[in-house]
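Below, chains carry the letters A, B, ... as their sequence lines are ordered, and counting in each starts from 1.
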Amino acid sequence: MFKKILVANRGEIALRVIRACKELGIKTVAIHSDVDVNSLHVRAADEHVCVGPADDALSYRNIPNVLSAAEVTGADAIHPGYGFLSENAHFAEVCESIGIKFIGPTSENIAMVGDKAKARDIMARQGIPVLPGSPGELRSESDALDAARKIGFPVIIKASAGGGGRGMRVVNKEDELVRAFQAAQAEAKSTFGHEGVYLERYFLEPRHIEVQVLADERGRVVSLGERDCSIQRRYQKLVEETPSPAVDDRLRRVMGRVAVEAVRAVHYRNAGTVEFLLDKDQRFYFMEVNARIQVEHPVTEMVTGIDLIKEQIRIAAGFPLAYRQQDIRLTGHSFECRINAECPEKFTPCPGLVTRYLPPGGLGVRVDSAMESQSPVVPHYDSMIAKLITHGQNREEAMARMRRALDEFVIDGIKTTIPLHRRIFNDAEFQKGRISTGFLERFLANQAG
Amino acid sequence: MFKKILVANRGEIALRVIRACKELGIKTVAIHSDVDVNSLHVRAADEHVCVGPADDALSYRNIPNVLSAAEVTGADAIHPGYGFLSENAHFAEVCESIGIKFIGPTSENIAMVGDKAKARDIMARQGIPVLPGSPGELRSESDALDAARKIGFPVIIKASAGGGGRGMRVVNKEDELVRAFQAAQAEAKSTFGHEGVYLERYFLEPRHIEVQVLADERGRVVSLGERDCSIQRRYQKLVEETPSPAVDDRLRRVMGRVAVEAVRAVHYRNAGTVEFLLDKDQRFYFMEVNARIQVEHPVTEMVTGIDLIKEQIRIAAGFPLAYRQQDIRLTGHSFECRINAECPEKFTPCPGLVTRYLPPGGLGVRVDSAMESQSPVVPHYDSMIAKLITHGQNREEAMARMRRALDEFVIDGIKTTIPLHRRIFNDAEFQKGRISTGFLERFLANQAG
Amino acid sequence: MSKPRVRPRTKKERGRLAALPTNMSEFSSRNNALSGISGDQRRAIQELVELLNQHNLAELEVERGGFRVRVRRETGAAPIAATAWEHVPAAQEAPAESPSVSVSSDTSGMVTITSPIVGTFYRSPSPDADPYVDEGDLVKKGQVLCIVEAMKLMNEIESEVDGRIVKIMAESTKPVEYGQPLFLIDPAPTS
Amino acid sequence: MSKPRVRPRTKKERGRLAALPTNMSEFSSRNNALSGISGDQRRAIQELVELLNQHNLAELEVERGGFRVRVRRETGAAPIAATAWEHVPAAQEAPAESPSVSVSSDTSGMVTITSPIVGTFYRSPSPDADPYVDEGDLVKKGQVLCIVEAMKLMNEIESEVDGRIVKIMAESTKPVEYGQPLFLIDPAPTS
């Protein structure tokens with residue numbers, strides 16, 4: 001097992017990883033930018049190294065400084081968390097080359113699944129259902145027209161190197177296609193440095209369903225159930241739950257099997273997530289593989305009882321998976337609300353000083369956060385400051401628990417998304433599980449009107 | 001179901017009950033003494049009524065004021081928590097007589113199991129193993145001598161009306177017996193108002209094992225596994241865990257069956273606990289029934305997934321148990337540490353202002369507390385200010401999680417038992433599960449020496 | 001100090017019971033402390049207070065050209081304000097330090113009679129009867145002022161002092177809690 | 001302000017690596033932030049409050065040209081002090097707000113050269129060679145002061161000013177973090 005792990009992240013996920021390390025008896029090194037010097041993740045670690053100024057390009061994503069920090073502290077592994085360097089194939093490669101274990105997939109894994117069009121083709125060749133779309137990147141406007149006609153409108157144009165909703169364009173009619181294609185290429189080029197785009201059928205109100213997988217270094221893979229992440233605003237997830245109200249036992253088994261096939265096809269290692277789109281007729285389509293631990297991993301932990309961060313560490317240290325597929329039991333229901341430092345109406349970030357902080361407690365309530373009273377929420381990083389997770393024997397209990405926990409949560413001094421979450425959890429359609437990726441926009445429009 | 005429940009308690013258990021009510025959609029009324037006006041349990045409730053001054057005899061145990069509060073607020077049920085009025089048969093009887101449901105056992109149940117000598121006799125007649133002891137109360141010194149000779153020394157003299165370790169005397173030799181008998185009678189008389197005492201065999205280092213049961217109003221009973229509460233200081237529990245390291249599946253089934261028989265024998269209703277003494281040869285003996293929800297109930301909730309407070313409320317409302325014995329599954333391991341506002345060396349209470357409070361978070365950590373930053377710990381009540389509960393896949397993980405959670409817990413301004421808990425969880429014998437009711441005294445003596 | 005005597009009586013009638021209001025205390029304005037200063041100065045103070053609140057400070061003092069301002073916040077009061085928990089009793093308006101003392105003199109020498117029990121407040125012995133007392137009435141020590149009904153028992157609350165009823169602070173047929181002010185009495189009426 | 005220039009060189013030797021001390025940073029005064037007060041007292045107070053919060057102070061008082069400001073926080077509120085979390089960097093010694101500014105004037109006019117990267121500090125080009133500079137030495141702008149080795153690359157750190165080395169603040173062969181002070185230089189030596 002590793003002796004000392006450097007946690008190349010900040011905020012709640014850095015603290016999450018440090019907690020797992022502590023429970024495994026592994027020493028930890030926190031890195032931080034200078035504005036984060038007093039953060040909880042820094043104080044929770046055994047050692048800490050300042051790696052640069054507030055700008056994360058010069059600190060948390062500064063590869064030489066992060067690796068130097070690992071070197072001077074004698075860390076034998078690095079956990080990247082999510083964001084920052086977590087899906088940087090080059091970083092993973094450099095770690096491998098200097099003998100510091102990158103806790104996550106291989107650099108080849110990251111590079112391969114990072115090319116979305118290519119990954120889709122690999123999956124299609126494996127017989128995994130993918131969204132009807134262009135075979136690989138579109139080379140020309142006529143390529144795009146041919147593909148769109150074959151698939152049928154509406155279609156969506158996506159950047160191969162894209163993610164998080166950027167570089168996407170929905171096209172409803174044929175005469176809009178050429179302009180959208182050109183614009184998408186230009187946007188892809190300027191945003192991701194690579195102009196490649198591809199095209200897929202567009203579904204109006206699908207669900208975003210993703211399957212958590214764990215793969216050890218010997219290639220054994222298990223799936224840990226799905227997460228329904230349909231509550232999104234501009235492709236940013238806000239509420240996640242497991243199990244999905246739309247997935248029954250049979251569908252869960254099928255999707256789990258397909259997810260395992262998908263990660264096997266790319267010889268994937270460590271924790272990963274296979275994202276699917278689920279339409280109203282219970283048909284699902286592969287979208288992409290997320291080569292990192294995800295923000296919403298706790299809901300899976302709540303229903304499986306498995307600590308995913310510890311599993312990541314054990315797998316990276318070479319231990320075989322301690323579970324076979326039949327050992328995985330899903331118990332109860334779990335929700336996660338992302339608490340962002342944002343104005344709940346307009347979603348504008350709201351940095352500032354948290355004057356008073358009191359997380360909710362009691363049975364079935366979990367809070368992952370690095371906040372405390374008198375914590376500053378600095379404007380340089382992601383606005384997510386806490387994850388509120390509940391678990392209950394069934395969806396109703398988990399929802400009721402979330403409502404009471406949202407009522408208890410005290411974060412004074414800044415605005416947060418807590419009031420929005422309260423309204424969502426009081427919505428009749430949401431309560432019935434009638435959600436899709438279009439839910440939140442319609443919900444917000446209704447609230448405003 | 002009830003429309004409005006008055007919670008006749010304060011602190012963490014009042015908040016615990018209010019949380020359960022909120023999740024069930026039941027309105028709540030908090031009561032409080034005047035020093036508790038700003039407490040979290042008061043602010044968490046829908047309504048609140050001041051029932052008297054700081055002295056709990058004049059407020060939390062003031063039956064006319066508590067019942068008036070229920071009456072003027074229109075509450076249809078009262079949850080007594082633990083302590084205060086929870087095991088007051090008269091209070092339960094008055095509630096019954098005025099049509100306010102007492103959420104707990106019947107007044108007859110309370111009276112019957114409250115007479116320890118009588119309860120023991122009832123159990124013995126049912127064939128339930130009881131500690132070898134005197135048949136009922138000792139009428140005279142010669143009675144005591146006869147009984148002690150038959151049982152063999154050492155013996156322990158206990159007050160029939162006693163509890164919490166008061167009124168107990170260990171007698172090692174025959175020539176100490178008469179004096180101890182007289183002293184115990186006098187102490188029982190002055191402490192409990194009833195001089196009845198009885199006598200039992202005394203075991204040197206037994207375990208305190210208790211079985212949680214639920215009995216509905218139709219008399220259906222299930223057992224929910226045991227709790228090992230052997231870590232005690234002067235009969236005050238400090239650390240509890242489930243499952244007990246000393247109880248295997250076979251013994252668990254047997255003890256569970258016996259516990260169910262025991263509560264059936266007294267037609268017990270609602271949640272209760274059957275306490276056993278377990279000797280080194282795995283023989284167990286009935287000690288008493290606790291007719292209330294207990295402080296340590298959360299560890300059972302963590303491994304069963306069952307919300308015991310909600311079950312209490314459902315049972316009191318007349319719902320049948322939703323579980324049969326075979327539905328009860330125990331998953332993983334759970335510990336509870338009682339965080340008391342006490343000097344950790346000398347256990348002297350340490351009231352004062354909590355200047356800063358930050359509970360630990362993350363996977364498998366639960367905190368039940370009504371504390372917050374700037375909360376006063378008033379000297380009038382019990383010194384327990386928080387319960388820290390962890391859950392893990394096994395004993396090792398639950399222990400490691402407790403260690404890291406204890407490290408995270410911030411309670412500034414007063415002294416607490418957190419440092420003592422840290423030392424206990426770092427003790428090799430404790431880690432191996434080699435504990436008994438003598439553990440803590442020996443541990444403290446070793447630490448001091 | 002002594003408590004008002006409670007004399008239980010048999011039940012005569014019961015009023016309709018209503019839920020207790022969630023906040024029973026009264027806000028008292030202190031804005032008049034700022035009168036007599038310039039608009040600029042008022043704005044400066046406003047800014048100081050905003051800074052104090054924003055940053056959760058205890059004290060802020062500024063002096064400039066003979067104009068000195070010090071803003072200080074009470075220690076205990078700050079943290080309990082404005083929370084997600086639904087019912088926040090305003091901490092500054094918490095009951096007196098020893099609410100078991102039911103007769104307390106305020107700054108102007110008034111005596112407050114508070115409820116020694118939880119129950120329902122009645123100003124008269126029966127719905128048709130006249131109130132025991134009205135505002136402005138002179139009362140004698142030991143005179144019955146009202147009834148607080150609890151558990152179907154009518155408890156007469158007597159005055160602890162001679163004086164004049166200045167204010168009746170509870171509403172008839174409504175619930176009262178322990179320590180709740182019922183009457184304000186001027187023990188030395190000028191007329 | 002500009003950063004010291006970093007010139008990577010090939011590796012010559014590596015020293016033994018030790019764990020970083022838990023607190024490597026030094027407090028650098030930002031009193032000059034108040035030097036621009038022209039009557040905009042609100043901005044000055046705002047800055048004081050920020051300082052108070054950032055550095056977790058209990059009280060701060062500034063008097064300058066008839067303008068005096070005192071900001072105080074309740075001791076109980078001092079949030080980051082004394083916690084169960086094991087490693088608490090002393091909040092008062094937090095780095096300046098813009099530690100990317102590696103050259104900063106302190107009250108006595110000194111210039112601090114801080115490390116622009118994370119690595120291992122070496123005072124000499126090789127174990128047998130003489131140190132680049134010693135305390136008391138006069139240095140020229142652009143002169144190499146030390147090497148910070150990172151990822152097997154030797155990075156020469158140059159002086160940004162002419163002056164005299166007053167203090168060498170890091171130990172050779174020991175790790176340094178970003179922003180850690182390495183040299184204190186008097187830019188206007190009297191001798």
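- Proximity to chain A (any heavy atom under 4.5 Å) is shown, for I306(B), by both the backbone and the side chain.
- A distance of 9.5 Å separates CD of E408(A) from CD1 of I18(B), quoted to the nearest 0.5 Å.
- Both the backbone and the side chain of R401(B) come within less than 4.5 Å of a heavy atom of chain A.
- Using a 4.5 Å cut-off on side-chain heavy atoms (C-beta onward), D307(A) and E397(B) make contact.
- No side-chain heavy atom of I309(B) sits less than 4.5 Å from a side-chain heavy atom of L363(A).
- No other option in A405(A), A400(A), G332(A), G362(A) has as many heavy-atom pairs under 4.5 Å with chain B as G362(A).
- Contacts of K387(A) with chain B are absent, with no heavy-atom separation under 4.5 Å from either backbone or side chain.
- Here the straight-line distance linking atom SG of C21(B) with atom CZ of R404(A) works out to 11.5 Å at 0.5 Å rounding.
- By the 6.0 Å contact criterion, NZ on K310(B) is enclosed, its count of non-hydrogen atoms from other residues, nucleotides or ligands being greater than 12.
- Annotation: side chain of R403(A) is not in contact with side chain of E23(B) (no heavy-atom distance under 4.5 Å).
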Test side chain to side chain contact (heavy atoms under 4.5 Å, CB included) applied to D407(A) and K22(B), step by step: CA-CA 10 Å; D407(A) 280 350; K22(B) 281 194 162 190; 4.2 Å; yes
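- Contact of I389(A) with chain B is not made at all, since no heavy-atom distance falls under 4.5 Å.
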